[in-house]
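Scroll down for the structure; my scribbles are underneath it.
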Amino acid sequence: MARYNDDLKQLNLPEIDKKIRSFWETNDIFKKSVEQRPVDNSFVFYEGPPSANGKPGIHHVMGRTVKDIFCRFQTMKGKRVERKGGWDTHGLPIELSVEKVLGITKEDIGTKITVDEYNAKCRETVMQYKDLWDDITRKMGYWVDLDNPYITFNNEYIESVWWLLGQLYKKNLLYKGYTIQPYSPAAGTGLSSHELNQPGCYKDVTDTTIVAQFLTKRESLPDFLHGHGDVYILAWTTTPWTLPSNTALTVGPKIDYVLIKTYNQYTFKPINVILAKALVEKQFAGKFEKTDSVDHLLSFNQSDKKIPYYIVTECKGQDLVGIRYEQLLKYAMPYQNPEDAFRVIPGHFVTTEDGTGVVHTAPTFGADDAKVAKEANPEVPPLLVMDEMGNPVPLVDLQGKFRANLEEIGGKYVKNEYYPDGEAPERSVDVELAIKLKEENKAFKVEKYLHTYPHCWRTDKPVLYYPLDSWFIRSTAMKDKMIELNKTINWKPAHTGEKRFGNWLENLNDWNLSRSRYWGIPLPIWRTEDATEECCIASIDELTIEISKANSSLGLNQVTPEDLHRPYIDSVILVSKSGKPMKRELDLIDVWFDSGAMPYAQWHYPMQNRDFIDKGITFPADFIAEGVDQTRGWFFTLHAIASMVFESVAFKNVVSNGLVLDKDGVKMSKRLGNVIDPFETIAEYGADATRWYMISNAQPWDNLKFDLEGIDEVRRKFFGTLFNTYSFFSLYANIDGFCYSEKRFPLDQRQEIDKWIISLLNSLVKEVSDEFSDYEPTNATRKIMAFVDEHLSNWYVRLCRRRFWKGEYSDDKIAAYQTLYECLSTLSKLTAPVAPMFADWLYKNLNDATGLENHESVHLADYPISDPAAIDKDLEQRMDYAQRISSLVLSIRKKEGLRVRQPLKKILLPILDPSFISQIDAVKELILSEVNVKEIEYITDTEGFINKKAKANFKTLGKLLGKNMKAGAQMIQEMDQKSITELEKTDQYIIEIDGDRYMLSNEGCRDKL
RNA sequence: AGUCUCGUAGCUCAGCUGGUUAGAGCACUACACUGAUAAUGUAGGGGUCGGCGGUUCAAGUCCGCCCGAGACUACCA
């Protein structure tokens, strides 16, 4: 006779893990679970590819648990859920780790090591931890196809990416332009924000700051500024070396400004200066004193201790817009439209927190500056000059030196830090300029100032903000489309989509695609030397055709490279329409484009599998999940590419999970040694307990304070209880030989308590399915836990124990077995998405013994469907009464010192309405045996035992009584027995408060005993 | 600096559109059970709901400010 497996004397989750894992592998359960479902009923899931360059951490277990849960759930709901794995193989972290291993820096590439050697090393390194990843994937029970993953460095993948870029190019969404980017002159490279955010990059530095006096041109002044003599505008800078590149002053249109008469503290010349009203006291602190008398001002003498200042008039920033001024330092003029330079423009970013409320604007060295200058009408030109080659260039070169032809500052580094050791001059350019301005009556104030400033993580020297040439995607052109499409996406949690992602889209900038690196997807754009002609290659075939054109036209002998990476692709020369040679733009593309391209590139679309996308078979995704940190990363790039190329969303539902912190809420880091090793955790506690803990403890999008004791609690409390329940069942079922071979008893032939637990079970099935459908796994697990612990184990099994061991193999006993079996079997399915191994172990133990279903694994079974006919809410309610009355009685016993062992004759139960009696009668026996009492006597108010009290129903009465609510509640509380009886009978009771009469009904008062 | 999230018992978390005495689990204490026993059950103590102010008859819940934690974006004269 078939037996229920009872090998395990006590719960051993790691043991179960091992058994089930090997069962899955030998029997190909994952594959079967996917393939048994129809192709035309798919649930599309995208795997955000991890980089195998780092080791898997506990947070990866978290993220992948979320992914796994919904994929497994949908599979059991009958969907075909393909789960193609993938590897992210490009990007800076990989380059950095290679450089670390080889002990080289970027400068060495091309000298100490060739580009192809370097790239070969990257290719090799990127998969260094693949085995660890495959291992954790298996051990944590994450089902994803590891055999056919997409790999972003493959030619097919790159080709799809090129095709996408080609689409953007055709739509005129790709362009080359310059932006201000962090740049390290010492390292000769632009820095990404990722690099800038390395720890220790922001340091406190003391800089020489200048409040400069910009002399306005009289004829451009508005009327109210006339007649005061020379008027200067004050502007503050922490980077005086940018002053020669100044081309505008920016004011806040709504900010209040004042005109002040005073004297320059260095030259003592009388001056009139304009600055923000809010900053007057800050700028005129110390040496200055305010005066209301013009005479006092005029009588000022150099030997006076304090310099007086007098406020002449005030105005709004808007009134200053358009004023022109003399160039402060005349080293060079903008090569284009110099007549539009040196004027006051409006800018909304201006604040009055620091400085003067007027921003010195040098469009070549500040991102805000460049933006506001562009927005001005007419556009303010940046200070660019022509170099020997006839190219427009800023006054500072790529080494961080002023250009040679700039008089005394020519050839000098803009910061002393850039000089080789020991060669820095005593006076930095900043100081030199400060002195010069002081002497020329152009400096209002020179001060040292302490602030944080970013430094290059490699050279440890300050970063420069510098205009660099880059390729951009004109995402701003598609902004509205992206916003509109985002509104159709179901974000979990909603605020990540509405706020974080929504705000990001509202403030969208063009996407800077360029990266000047070596290991990544090359930009497929070729240009002639003079940049007048260009082409964008969208496939390998196209490249081959263009190469042969170039070969015949230019007499070359090129072949299509086997590897599309640098350096091979760099040597390809194409020919333009007019017959000129074209070279590839040397940049690589942002790796984020790689991952955003994954819906298409994973299938080598459109060169292969056209239908997958065109017919919507694998696009868009029904579901994706990743950390919140991907909001501007993967979530955005997926969305941007889908919006721009396909005018579609890329995903319909997205779960963004939070961080995994240590148990004290501190971020895990190697430095602090608070990192949890996922392998150890799973080996010790089992994958299921780990997964269940992570999901049930906090919502996936809240940060999780990861505490091993929490896993232990889940193991004991939840899995332990379920295991014990099963052990209990199998112990007696094996003795009695129950194999569910008898016909299933209809519910109405079973005991009240059987009907009850089956009713609850069906309610649970509905709730849990709804929660999973709604991407709420935490609620689902919490509901299952409550059922298992509170109802199944603590009530059903405990009260029914006797039925399992007492007497013959009777119908009642069989009914009990059937009931418990059904609960356990259903639970195995309900829990399968979260605890796939334990669930399968439980399912197989049950089903292998009874053969009731023909599935070899729970993951091939269908998710349970709630049977509404089995749900009896009245029954659920009266059992709830029974539980509560029992608890109440036990509590009274406790208070009175009457042990449960001591039988009591009867309990008195006050009854408020007659339906209550029939409800209690149905569960009477349960209560009596539970509390060891012989009988229950119902008492009603007619017998005078009950002292009734009425209580206000605040919710309904609040509207009626308004501010008299408090008094009313008090009056109701004090109602006597007669009035209460009266109220119950007539359904009305009149109270009077402050002369106002109110008529109350039963609805407004609630009986309370 | 900005945007967003969070702050409820020693710990981890529930508290729906504002409504009566703010709830679970763990831990702790006491007890019961001894045919689920390296298991199970019951009872109990424990909270000025981060702080201040406002709206309201009524605020853990709504609004403002502040404090603290975290994430992202930016680094700005």
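Order of the sequence lines fixes the chain letters, A, B, ..., with proteins taken first and strands second; residue numbering starts at 1 for each chain. All of these numbers come straight from a predicted model, not from anything done at the bench.
Checked for salt-bridge contact, A:Asp662 and A:Lys705 miss the test: no charged N lies under 4.0 Å from a carboxylate O.
Pairing for B:A59 is absent, judged as Watson-Crick or G-U wobble with the two contacts each under 3.5 Å. In this structure B:A9 sits in no base pair that meets the Watson-Crick or G-U test at under 3.5 Å. B:A32 and B:U40 make up a base pair, with Watson-Crick or G-U wobble contacts both under 3.5 Å. The nucleotide B:A14 finds no pairing partner, because no Watson-Crick or G-U wobble arrangement with both distances shorter than 3.5 Å includes it. Using N1 to N3 plus N6-O4 or O6-N4 for Watson-Crick, or N1-O2 and O6-N3 for G-U wobble, each under 3.5 Å, B:G2 pairs with B:C72. Across all strands shown, B:C52 forms a Watson-Crick or G-U wobble pair with B:G64, both key distances being under 3.5 Å. In a base pair of the Watson-Crick type (N1 to N3 plus N6-O4 or O6-N4) or a G-U wobble (N1-O2 and O6-N3), with each distance short of 3.5 Å, B:G45 is matched with no nucleotide.
Rounded to whole Å, the distance from CE on A:Met785 to C1' on B:C26 is 11 Å. Put simply, CZ on A:Phe719 is 19 Å from C1' on B:A36, counting in whole angstrom units.
Among the nucleotides B:C13, B:U42, B:C4, the one closest to any side-chain atom of A:Asn794 is B:U42. Minimum atom distance to the side chain of A:Thr725 is reached by B:A36, of the listed B:U42, B:A36, B:A43. Nearest nucleotide to the A:Arg798 side chain, out of B:U73, B:U40, B:C4: B:U40.
Between A:Tyr817 and A:Phe804, the ring center distance clears the sub-6.0 Å criterion.
The residue among A:Asn703 and A:Thr250 whose nearest nucleotide of RNA chain B lies closer to the 5′ end is A:Asn703. Annotation: of the two residues near RNA chain B, A:Leu792 and A:Ser887, the 5′-most nearest-nucleotide partner is A:Leu792.
For A:Thr208 and A:Lys448, the side-chain atoms include at least one donor-acceptor pair closer than 3.5 Å.
Donor-acceptor pairing under 3.5 Å, judged by distance alone, is absent between the side chain of A:Thr631 and the base of B:A71.
Residues satisfying the side chain to side chain donor-acceptor pair (under 3.5 Å) criterion with A:Asp770, sequence neighbours excluded, are A:Lys766.
A 4.5 Å side-chain heavy-atom check between A:Phe444 and A:Thr356 finds every atom pair outside the cut-off.
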